[in-house]
Each structure stands twice: as structure tokens, then as C-alpha cells.
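The next block holds one structure in the form of C-alpha cells; read it before the comments.
Letters A, B, ... mirror the listed sequences (proteins, then strands); counts begin at 1. These figures come from a predicted structure and were not determined experimentally.
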Amino acid sequence: MDKRITLTEAVQLVRPGDTLALGGMTLYRRPVAFVRELIRQGTGDLTLLAFTAGYESDLLVGAGLVKRVRTCYFGLEIFGLAPMFSQRVERGDIEVVEETEASLAFGLRATLAGVGFMPGQGWFGTDLLRVRPDVKLVTDPYSGSQYVAFPAIKPDVAVIHAPVATRAGDVVLRGNLAVDCQLAMAADRVIITAERIVEQPDEPLDIIGVAVDAVVEAPRGAAPTSCWPDYPLDGAEMLRYVEACTGGGFDAYLNAFLDG
Amino acid sequence: MDKRITLTEAVQLVRPGDTLALGGMTLYRRPVAFVRELIRQGTGDLTLLAFTAGYESDLLVGAGLVKRVRTCYFGLEIFGLAPMFSQRVERGDIEVVEETEASLAFGLRATLAGVGFMPGQGWFGTDLLRVRPDVKLVTDPYSGSQYVAFPAIKPDVAVIHAPVATRAGDVVLRGNLAVDCQLAMAADRVIITAERIVEQPDEPLDIIGVAVDAVVEAPRGAAPTSCWPDYPLDGAEMLRYVEACTGGGFDAYLNAFLDG
Amino acid sequence: MQGLNQPATDYTIDELMCVCIARQIEDGELVVQGIATPLVVAGYLLARLTHAPNIAFASAIGQTFCRDWAPLSITQVEALWLGKAMGRFDFAQAVCELLPTYRPKEFFRPAQMDAQGNTGNVVIGDYSSPKLRLPGCGGIADVTAYEERMCFYVPRHSRVTFVERVDFVSGLGVGAGPADRPATGPIYLITDLGQFDFANGRMRLISVHPGVTVEQVQAKTGFPLQIAPDLQETAPPTNEEVRLLREVIDPLGIRNLERLSGAQRRAKLHEIIEREQGARLGKLQ
Amino acid sequence: MQGLNQPATDYTIDELMCVCIARQIEDGELVVQGIATPLVVAGYLLARLTHAPNIAFASAIGQTFCRDWAPLSITQVEALWLGKAMGRFDFAQAVCELLPTYRPKEFFRPAQMDAQGNTGNVVIGDYSSPKLRLPGCGGIADVTAYEERMCFYVPRHSRVTFVERVDFVSGLGVGAGPADRPATGPIYLITDLGQFDFANGRMRLISVHPGVTVEQVQAKTGFPLQIAPDLQETAPPTNEEVRLLREVIDPLGIRNLERLSGAQRRAKLHEIIEREQGARLGKLQ
């Protein structure tokens, strides 16, 4: 039950055209080491799925590997817009499948329940339905009310960075869970990158090995995003990134990042 | 924010005709002290809702306070059938609204999401739909498949026994959660009986005070069911109960119980 | 002294059933314990201590994940399921997400079963005026809709359980359910008489336990039995398996409670509970 | 020395906004912090340290419950939301259950808003070829469907935000949504110029901040403003409130970042992050 592989091997589990889900939340516990290796290998044509997308996703978009984005928030928190995301959308270079917290959460829950949709109160009356003609309505057979039927979402691959994992893929996340547990359950292939691999975690598990296909030891694998409490968000690096992009220097930043 | 009241006062929050939800699981962490006081006060005509119903519920049924039962399991585990439940159903004295794990879980989730139903894979082809003509089907607008639309479930009152609570109603349950958190969120009125009331719990909360209307200090309030790790299930008492009922001695048992 | 891996000659039928259950477990699997199913847990633990050291456990009581284990208990189950839990969830998550997604292995006990594997755990007799009201089906009506590896066990094979027609169907047999997603039905059944599959869409005897004849099984089954052309005799437990069950996994003999009923079961329960209480008080001193 | 509860004369507009937000908080409430909303958190903490000691906090970052608090931070938020958490959930639970059930108080920041309180946080300009792509609406399109106490804040009141027509509606204003359950729309809005309600179904000025005129507010609003007949001047912070904000709640001035943009914001961020790093290294030594 030893599921350890190298980062190089793990990235090979992603195939061109896949829907790739990235774990973590905005600037916290993102799988940055995995993203670096993915860009090195150049696996493209990806649909990027993230509850919220941040620095790690902006690098992927800037590197040209993403054709489509599914998220409810793509930005760098107080550091501002995600520069490459905003630029590429404004240019029409990438497609956005508009999502909200509810469409992502209910969509994942639908997959986990084995049904095609879950009904939710939101969206009705917004322009979201206009740009998501694939999203349909459903009538409550009891009240006759119409709800949005949030369609099931199934990632091909989910990559989640964890502070602690075992060889068998038992995973401790410690909080700021976003929808990581749901992604790990819903995805066809699940890759855990972990700060450290232990025999027996002394904290409660968030994901059990049954869900996990591969475990990669990746110390500081979330930096410059945080991995609490091992290391905090590197705010200076976020600023450096934003300033590089503002000055048209994404490519130089990316080259240095890939050498890192 | 001091929500403490007496057990006597707490029982007065239950009104005849209410749907009363009891927390805990089979023979574990059941609100037995509350049930004792409820039988003393004689509040009847109740619809009893429990994910699984055990000793505490059998007492309520035997005492004649329950007109309707909604659960997916009513029994005493390895100790056998719940004697008064089985007897009263066989006699036609009480109504059973047949539920399963999914109808209860999705029904509560529907209430929490603010929608009238949640779709699930189960029930189709069983006799459950025959005896639950109120349960309707819904068509998946994507695949055209039909699912059972599990209707929203909303208890009037939920009573949950906890090892630890604060005056403000922050609650630690420690596991074997059943659907206690969902009941506390879904019910109109929420009563917590607790082994002890502390200033600041040093374990993770399961229910937050915002959900809770009343807190009752009730040491050994789950006995003879368990409250882990404070005290285990009293197996000898379960046997005593089963043997009393087998011999037609429920009333004597109940009288002694009410004196307890 | 007999060899550890030699077939045992001294074993009971509950022990043979535990061994058969254990043989169904693959290493690394997630297995689930339902309510009041000690025979099944004894089987899981036997697998854990022999060929499947990496299985993960989940239990209806506790709603946790465990990789560790403890001997069977009646009043101390929380010491294992909560005290040694590696992770925790709630029953809504279990029902709405974990079970349909992970499809863990579980052994269900039907009160009635027909030849197609439809099951009933709600009533015996007419629903509106039942001869016997049972606890209910828990989640069997939910799980049989999607689970493709349904396993069942029956501690006392009789015409009370195996019936021509289930009085109230609360679990789907082969091909039942909606037309666009018919149920697989059971794939495996173990009773105190033999082992069965449903390979042809009907309950089929694939092995008889030592000393049991096909005629005996048929006589205790309320519908015509199919018999596998390569019918086997169930391989007995090994000496080591019997030792593990008796000395390590279940010294109190809790697994046998499911074979007993009425006064016999209560007598055995008294004995077990006294011994558990004794052990607990001993520990506290 | 001035009295603690006397109106301050030395305060900034971000401080006044924090105070107005704090005044909207009732004791015992559950309040939620969205992403990158330090002005709001400063307001919550001010309420916590003055009239509302029993509020509970939940945060989009961390997804926890807290009753404890810590000064505002940029790189150390997890020390509070995870390190001092009393309970933990995940974002699916938050969205599917906790938010629709508990209806916690939250202050949202719209990129665009019209007179009815419809909001947009997805794009500025035409959706198919936007002038500016924004991060997205998070959960605003979900929450506005059922929340009856929606609160908004706008750190820089301008015709960029307050528009005749929202380019892409991602949050429901008064009466929008399905006919059988029309949205309530916002009930409260605070900007750097004044406070507003939507009592008549349209954005209505109910108080102007000291030194601001109605004409100035109208000039910076892209649609005709309604004015409350009993228009007030916003009560200024007290000396104690200003002291708490500056010395206790937010010594680094993080709350003011939302008022800044571009190079100004980056310069301030550099300063704050250096000070945070210095403090952290100091602690480690």
C-alpha cells in the first residue's frame, strides 16, 4: 500500500485535455511544487477547476496550459487581481465557465451522491444563467417552485497539498479545507503532495487512503503560499509577482520560478 | 448569552403535536434524562424523529406519548427488537413514516439548503414508495433519469445530549454524531442537555451557540445509554429492560424509571 | 500439536462463517460494520490479522475511520470506534457522500430474502397489520440501488428468511429498480449452511459447509435452489484462524450471539456483560 | 486629555467606515468575513471589543468558528482562523448548509451596484469582451437569493461602482429573482461618503459623513439618489473607538488598503509585510 511516487511521475498522471482540480484556498496550501513541475512538462489544454484560484492558477494560465477555467473567485486577495487571468480573459484567450460557491459545492456533492444534479436557491435572476446555458432548472415536485439544478462536477485529476500524509494516502489537512475532501472523493485520479510522510498521523484525518492514488513528498511544496503552521504566506513574493506582471515581466518571472 | 434553564423548563419547550427529534445513535448519547422529564410532564401526540431510535424512544412509545415515528432503525442493537415499538406497531397503535438513512440525511440537508427536496439514488423499486405516497419523483434535467425527491424534513424541537457545552450553547459531541449537527441546525427549537457546562471547551465544537435555544446541565443525562468516555452503555440495564418488557412488565419498569 | 495452517477439526459454525467473511476481504479495502453485526466484525478482524493488514474500518456506530482494532465488545465499542479513530465524519456525510463514492464492503443481514436477492427488513407479514415489526432497513434501500458488490449473511438459514416472496421489499435484488439503472443485486451470501452467488440472477449454492447436504439446504429454502455445477465443500478454518477468533479477536464469544435468539441469547448476553464489567472494573482498580 | 466616549476629531474615513460597520453588529450574532475585507474585520473586532463581546466569527479563509480574536494581519491570518478555531467545517458545508441556515451577517463589496441593489463582481463592460475581468462573485449570486439582511460596503464611492445598469448581474437587488421568492435586496450600504438603506426599494441616502454634502454624493453616483426625509450626519467615532482601531485592532493600518489602489496600495503592502515579517522574526528569536 505504498503509494509514493516522484513529482515527475505524479505530473504524468495528468493528461492533455484533463479537468485538473487544485486544492487549497486562495493563497493557502496550494500545490505550487506540482504546478512548477506541470509547467516544466508542459501538459496543456487543461480545464482548471478550483474552488478559489490564486497564485498557482495564475502561473498555469500565464504559462498557456489552461484553455478553460471553472472557479468562483480567481484573484490574489488583498494583493489584487490575478494579473494573467484577467489579461487572458480580456484578450479572449481563455474560456471561463462561471461558477459560484453553490454551483461548485452542490455540483461536487451531486457527483458524490451519484446523481446528476443538486438543487439550490441561488443564481435565478442573475446573468450567470445567460452565460451558462448548459445549466438547467428543476421543479420542486412538492411546492412547484423552480430551482437551479447545479450539474454534477467530476474532475479527472485532483492535486492537493497537505502538511502530513502517510504512504497509504491517509491525509491531514488541518483546516482551511475549501472543498479538498470533496475533490479527493470526486476525482478519478488523486495526487497528494505532502510536507512530510509519517507512519501514523497524530491528528485527525481529512482524506483516507482509499481515495488517493499517489503520494509525493514535497517539503515546502506550497510555498510561496502558506502551509499552516509550517510556513506562512510569503507576502513579499506575492508582491514581487504582482509587480513583475504589472511591468509586463510574467515570462521572466516564470523562468525564474521554473528554475526554483 | 446565558441559555441555561432547568430540565423542567426545557421540557415545556415541547408542545403537544410537535415533531420531536432526539439526538444520539441507537444506544449511545441519547437524551434519557430529558425523556424521563417529558414522560413525567406527559406531553403527547408527538411525532418522534430519530436517525436511529433506541431505548429512549421505546420508553416514549411505551408511555403512549408518540403517535407517529420517523426513523430508519428502531431497535436495541444486539439486545434485540425495541419491544414497545414492535408491539405498538403490530397492534396498529402508532403510525410509522418509513425512512431510510438517505431519506433522513437528504431530507435534513434539503431543509438546511432551503430547498424542498434533495435527489437520491435509493428507494426506487422498493415497497417504501408504496407506503410513502407523499414521496415524489424528480427528473434529472440533464440525463432524463428519474430519482426519488427526498422531501425536506424540519423538526419542531431537537434535543441532543452532549458531554460538554457552554452557557452560550457551544457544544462538543466528540463523535458518533449521527445527524445531530443537522438536527440542531434544522429544528425550530434546540435544547442541549450536557454532562457539564464549561467556560471554554478544549475540544472542537460540533454545534455553535447560534443554533441553540436552551442548555440544561444534566450529569449522567444519557444513562443507561452511554456518554463516551464518561460512562459506557449499561448493558445490564438494557437486558433488564428487555426482560421486563418480555414479561409484560413495561409499566412497572416505567414507574421505577420515572422515580429514578 | 497441529500445524497452524492445517484445517481445524474443532470449530463451530459461527467460526466458519467468520472465516468465510474474512476470505471475501481484500487487502487495502474499506470495510463497514453495520449495527449489531459482531459475526461480520469478527470476520473483518480475522482478515486484518491474517491476509489483509491494510484494511480500513468504518462503523455505523461512531462514524469514524480506523486502521487499528480491538477485540469485540458490547458495552465498550466506543473505546475502539471513537478512542482509536483516525478521522471522523457524520452520518449525513456517510450516506450522501462516502457510501456512494467509496462503495465500501459491507455485509448486510436480511430478515427475508427471495431468489433474486430482494430483501426485507421492515415487517414480516402484511405491512398494514404485520405479524412482526422489525427495526427497519437502515440504508439497505439506498445502498442496493448503486452498490455492485452487495454481500449478505444469514446466521440461521431457514424458510423464515428465504421466502418465495418478500413481504415488504426494502432492498433491491437482481435487476430491480429503475429501468435505466437496474440493481446488480447481491454477489455473495453466506449462511450457516453454505455459500451462494447470484451469477445467473438467482441465488445459487456454490459451496456447502462440511457435513451439510444440498438436500438440507434446499429443505430450509423457500424456493427452488440453483446449484453450481462445480459445487464445492466449504474449506474449514485453519487452526490458527480458530485460535485468533477464540483467543484474540473475540474471547467473550460475542460473534455467536447472532446465532441465538430469545432466552438463549439473553442468557449469553448476561454472561458476556458480566465478564466485560468485571474486566472494566479490574482495569479501573 | 479627551474623554474616551467623546466624539473624536482626529479620525480617518476608513476608521469612520469601521465604526459604522461595528454599529451594525448585534451582540451574540454570527458574523462572517469574506476574502480580502480587512475594513469589515476591523469593524467586527471593534464591535467585539465594545458592545458585542459575545459575537462568533466565521471566515472564508479557514472555515472555522472563533470567539477569540487577534489583530489584523496579512500573512498570519491562519494563526487566528486555524490556531484559535473552536470548530471547523468545510466550504461545501458552509455553502450548502451553514450559510442558508444561520444567515450570518456579512458585508460584501460590489464592483458595480445599481439603484435597486443589483450587483456585479464578474466583469466591467461586455461579458464577451470585457474591459476588466474581475475575480468573480464568490457566493453573492447564491446568498442574495435568500438572505434578507444583505449588507454592502464600498470603500471608494464613485460612478465606476454606482451605475445606471450593472454590466453583468451576479447579485440580486430588490425584487429580483424568481417570482415566488423575490430577493429582498440589500438593507444597508456604507461607503466613504455616507450610509444608505433600500427602504423604498431603491438606494437611499440616510446619513452623510461629516464634511460631505448630498450634492457630492449625488455627483459620484451614476443614478438619481433618493434622500431620506430625516437625513442625518453620520456620528463620528469616539476617541476610544479610534484608539482601539489604531492601537489594538489594526496597528499596521491594514484596514486602509481597501481605500488604496495600484502603486499606492503596493507601497503600503510593502510596508505592512516588512513590519509583519520583522515582528515574526522578532518573536522567533
Interface moiety of [X] toward chain B, non-hydrogen atoms closer than 4.5 Å:
{"X": "C:F168", "value": "both"}
{"X": "C:D126", "value": "neither"}
{"X": "C:V143", "value": "neither"}
{"X": "C:V77", "value": "side chain"}
{"X": "C:R88", "value": "side chain"}
{"X": "C:D90", "value": "both"}
{"X": "C:I273", "value": "side chain"}

What part of [X] gets closer than 4.5 Å to chain C, counting heavy atoms only: side chain, backbone, both or neither?
{"X": "B:D206", "value": "side chain"}
{"X": "B:P232", "value": "both"}
{"X": "B:A82", "value": "neither"}
{"X": "B:F51", "value": "side chain"}
{"X": "B:Q182", "value": "side chain"}
{"X": "B:T71", "value": "neither"}
{"X": "B:S143", "value": "neither"}
{"X": "B:I78", "value": "both"}

Query raised in the report: Taking NZ, NE, NH1 and NH2 as the nitrogens, is one of them in B:D180 or B:R29 under 4.0 Å from a carboxylate oxygen of the other?
Result: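 Looking at B:R29 together with B:D180, the answer is yes, because their closest N to O distance falls below 4.0 Å.
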Requested in this report: Fit a plane to each ring of C:F107 and C:Y153, take the angle between them on a 0 to 90° scale, and name the class: parallel (under 30°), tilted (30 to 60°) or perpendicular (over 60°).
Outcome: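 Ring orientation of C:F107 relative to C:Y153: perpendicular.
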Query raised in the report: Between C:F108 and C:F152, what is the ring plane arrangement, given parallel below 30°, perpendicular above 60°, and tilted in between?
Result: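 Ring orientation of C:F108 relative to C:F152: tilted.
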Rounded to the nearest 0.5 Å, what separation is found between the [atom1] atom of [X] and the [atom2] atom of [Y]?
{"X": "B:D170", "Y": "B:L205", "atom1": "CG", "atom2": "CG", "value": "5.0 Å"}
{"X": "B:L49", "Y": "B:R68", "atom1": "CG", "atom2": "CZ", "value": "11.5 Å"}
{"X": "C:M113", "Y": "C:N121", "atom1": "CE", "atom2": "CG", "value": "9.5 Å"}
{"X": "C:L252", "Y": "C:L269", "atom1": "CG", "atom2": "CG", "value": "11.5 Å"}
{"X": "C:L99", "Y": "C:E147", "atom1": "CG", "atom2": "CD", "value": "9.0 Å"}
{"X": "C:Y44", "Y": "C:F57", "atom1": "OH", "atom2": "CZ", "value": "9.0 Å"}

Requested in this report: Step through the shown structure and confirm whether more than 12 heavy atoms of other residues, nucleotides or ligands are within 6.0 Å of CZ on C:R165.
Outcome: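 Counting neighbours around CZ of C:R165, 12 or fewer heavy atoms of other residues, nucleotides or ligands fall under 6.0 Å, so no.
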When [options] are compared by non-hydrogen pairs under 4.5 Å with chain C, the top option:
{"options": "B:G125, B:C72, B:G122, B:A105", "result": "B:C72"}
{"options": "B:G75, B:C181, B:S86, B:G120", "result": "B:S86"}
{"options": "B:E99, B:E98, B:R174, B:Q87", "result": "B:E98"}
{"options": "B:V89, B:T26, B:V148", "result": "B:V89"}
{"options": "B:M118, B:M238, B:R109, B:E77", "result": "B:R109"}
{"options": "B:R88, B:E90, B:M25", "result": "B:E90"}

Query - Side chains of B:Y147 and B:D140 in contact at under 4.5 Å (non-hydrogen atoms) - result: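 Yes, at least one pair of side-chain atoms sits under 4.5 Å.
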Query raised in the report: Taking the six-membered ring for Trp, are the ring centroids of B:W123 and B:F150 within less than 6.0 Å of each other?
Result: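 Ring-ring flag for B:W123/B:F150: true, centres closer than 6.0 Å.
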Requested in this report: State whether B:Y253 and B:R240 meet the cation-pi test: NZ (Lys) or CZ (Arg) under 6.0 Å from the six-membered ring centroid, and within 45° of the perpendicular axis.
Outcome: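 No - B:R240 does not lie over the ring of B:Y253 by the 6.0 Å and 45° rule.
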Mind ranking [options] by heavy-atom pairs under 4.5 Å with chain B and telling me who comes out on top?
{"options": "C:R181, C:Q76, C:Q277, C:E258", "value": "C:R181"}
{"options": "C:G136, C:A94, C:A141, C:A85", "value": "C:A141"}
{"options": "C:A145, C:G177, C:P178", "value": "C:P178"}
{"options": "C:C96, C:P130, C:A176", "value": "C:C96"}
{"options": "C:R265, C:H270, C:E276, C:Q93", "value": "C:H270"}
{"options": "C:G138, C:A92, C:G125, C:A183", "value": "C:G138"}

Report task. Walk me through it: do C:R255 and C:D250 pass the test salt bridge (Lys or Arg N to Asp or Glu O under 4.0 Å)? Result -> CA-CA 7 Å; C:R255 64 191 177 281; C:D250 183 22; 2.8 Å; yes
Query raised in the report: Are a donor atom and an acceptor atom from the side chains of C:E15 and C:T12 found within less than 3.5 Å of each other?
Result: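 Yes.
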Query - B:S103 side chain vs B:T100 backbone, donor-acceptor pair below 3.5 Å - result: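 It does hold such a pair.
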**Report entry** Heavy-atom contacts under 4.5 Å, residues 32-43 of chain C to chain B
**Finding:**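 Counting heavy atoms that sit under 4.5 Å from chain B, the residues of residues 32-43 of chain C involved are C:I35, C:A36, C:P38.
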